[in-house]
Amino acid sequence: EPEVTQTPSHQVTQMGQEVILRCVPISNHLYFYWYRQILGQKVEFLVSFYNNEISEKSEIFDDQFSVERPDGSNFTLKIRSTKLEDSAMYFCAMHRGGEQFFGPGTRLTVL
Amino acid sequence: DAKTTQPPSMDCAEGRAANLPCNHSTISGNEYVYWYRQIHSQGPQYIIHGLKNNETNEMASLIITEDRKSSTLILPHATLRDTAVYYCIVRSNTGTASKLTFGTGTRLQVTL
């Protein structure tokens, strides 16, 4: 039973366009995370979000990135002006009982 | 968080036990050992974690040495579906949810 779903599964966009990636928890969670994985590389932490605030972010998470919970349930990652190097798998994760449960990911392709 | 060292790849015959080692010689007293795996391009999947005692669940067993400087993840009867990249991660578990720092992991190939 998946804890987390993500939409879309694949997003293709033009460089410079804004994208919004969505994460939907199955049950109520307080801790959310975004990670990304560029093809062939390691899974990298982007940001953690607790109680509607960013609790930690990596140096990758610059001003082009933002996160929010617009309706109290969905959790979104916005990239304001995409670059070619933003092409990657983006994974949302939830924290429960000491474990992090990852979603299936969104594959972002920037052309 | 302490650094971990894993072999880049391993092979295992289907039905046999897969033993995946991890070195974490700089682990500190409040740090846990976590194992995750990633099948193809799917999201990482939690397997097991432990502090100092050996742990077992429905997926695997985790053996941590007495000095805690290394550990072994054991898949008792590997199947083809266990082919994945396995990540050993050390992090503190203070109650606040901290990030996971992934390394390059061990690519386990299960063969017929």
Side-chain angles (χ1 to χ4, degrees), chain A residues 1-7 9-10 21 23-26 29-51 53-61 67 87-109, chain B residues 1-9 22 30-53 55-60 62 64 71 73 81 84-108:
Chain A
E1 189 68 38
E3 295 272 342
V4 181
T5 60
Q6 291 184 242
T7 59
S9 57
H10 191 187
L21 310 182
C23 178
V24 183
I26 301 300
H29 292 277
L30 292 177
Y31 284 101
F32 302 83
Y33 308 80
W34 283 102
Y35 293 81
R36 79 172 185 189
Q37 186 175 32
I38 295 170
L39 184 63
Q41 298 187 23
K42 296 186 289 187
V43 177
E44 301 173 290
F45 167 76
L46 292 178
V47 65
S48 58
F49 192 79
Y50 169 66
N51 206 20
E53 289 185 353
I54 290 175
S55 56
E56 185 177 3
K57 60 183 180 180
S58 72
E59 58 188 25
I60 301 170
F61 194 87
V67 290
S87 294
M89 286 290 293
Y90 288 81
F91 296 107
C92 170
M94 307 291 168
H95 173 85
R96 181 172 64 83
E99 307 162 15
Q100 289 189 22
F101 295 89
F102 286 76
T106 293
R107 179 176 298 282
L108 176 64
T109 301
Chain B
D1 294 334
K3 181 179 169 59
T4 63
T5 304
Q6 299 177 252
S9 64
C22 179
N30 68 339
E31 288 182 318
Y32 286 69
V33 180
Y34 282 77
W35 283 85
Y36 281 76
R37 73 180 182 183
Q38 187 176 27
I39 297 173
H40 195 47
S41 295
Q42 298 177 22
Q45 178 189 22
Y46 167 83
I47 301 173
I48 200 167
H49 75 282
L51 181 62
K52 55 183 179 180
N53 297 322
E55 302 286 346
T56 295
N57 62 20
E58 65 278 4
M59 288 183 69
L62 174 60
I64 302 174
S71 60
L73 179 74
R81 286 176 292 182
V85 178
Y86 288 76
Y87 300 99
C88 171
I89 299 170
V90 170
R91 74 174 176 103
S92 59
N93 199 17
T94 62
T96 58
S98 58
K99 66 180 185 288
L100 293 169
T101 301
F102 289 83
T104 52
T106 295
R107 183 173 298 276
L108 176 68

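Reckoned from all heavy atoms, side chains included, excluding hydrogens, waters and symmetry mates. Computed from a predicted model, the values in this text were never measured in an experiment. Order of the sequence lines sets the chain letters (A, B, ...), proteins ahead of strands, with each chain counted from 1.
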> Under the side-chain contact (heavy atoms from CB on, under 4.5 Å) criterion, do Gln38(B) and Gln37(A) qualify, and how do the steps go?
Replying inline: CA-CA 11 Å; Gln38(B) 187 176 27; Gln37(A) 186 175 32; 2.7 Å; yes
> Is there a side-chain contact (heavy atoms from CB on, under 4.5 Å) between Arg107(A) and Ser41(B) once you walk through the steps?
Replying inline: CA-CA 9 Å; Arg107(A) 179 176 298 282; Ser41(B) 295; 3.7 Å; yes
> Should the pair Phe102(B) and Tyr35(A) be assigned to parallel (<30°), tilted (30 to 60°) or perpendicular (>60°) ring geometry?
Replying inline: perpendicular
Spatial distance of atom [atom1] ([X]) from atom [atom2] ([Y]) [nearest 0.5 Å]:
X	Y	atom1	atom2	result
Glu99(A)	Leu100(B)	CD	CG	11.0 Å
Thr101(B)	Glu44(A)	OG1	CD	11.0 Å
Gln45(B)	Phe102(A)	CD	CZ	11.0 Å

> Tell me, do Gln100(A) and Tyr34(B) make a side-chain contact under 4.5 Å, heavy atoms counted?
Replying inline: no
> Does atom NE2 of His10(A) have more than 12 heavy-atom neighbours, drawn from other residues, nucleotides or ligands, at distances under 6.0 Å?
Replying inline: yes
> Using a cut-off of under 4.5 Å for heavy-atom pairs, which of Gly103(B), Gly43(B), Pro44(B) has the most such pairs with chain A?
Replying inline: Pro44(B)
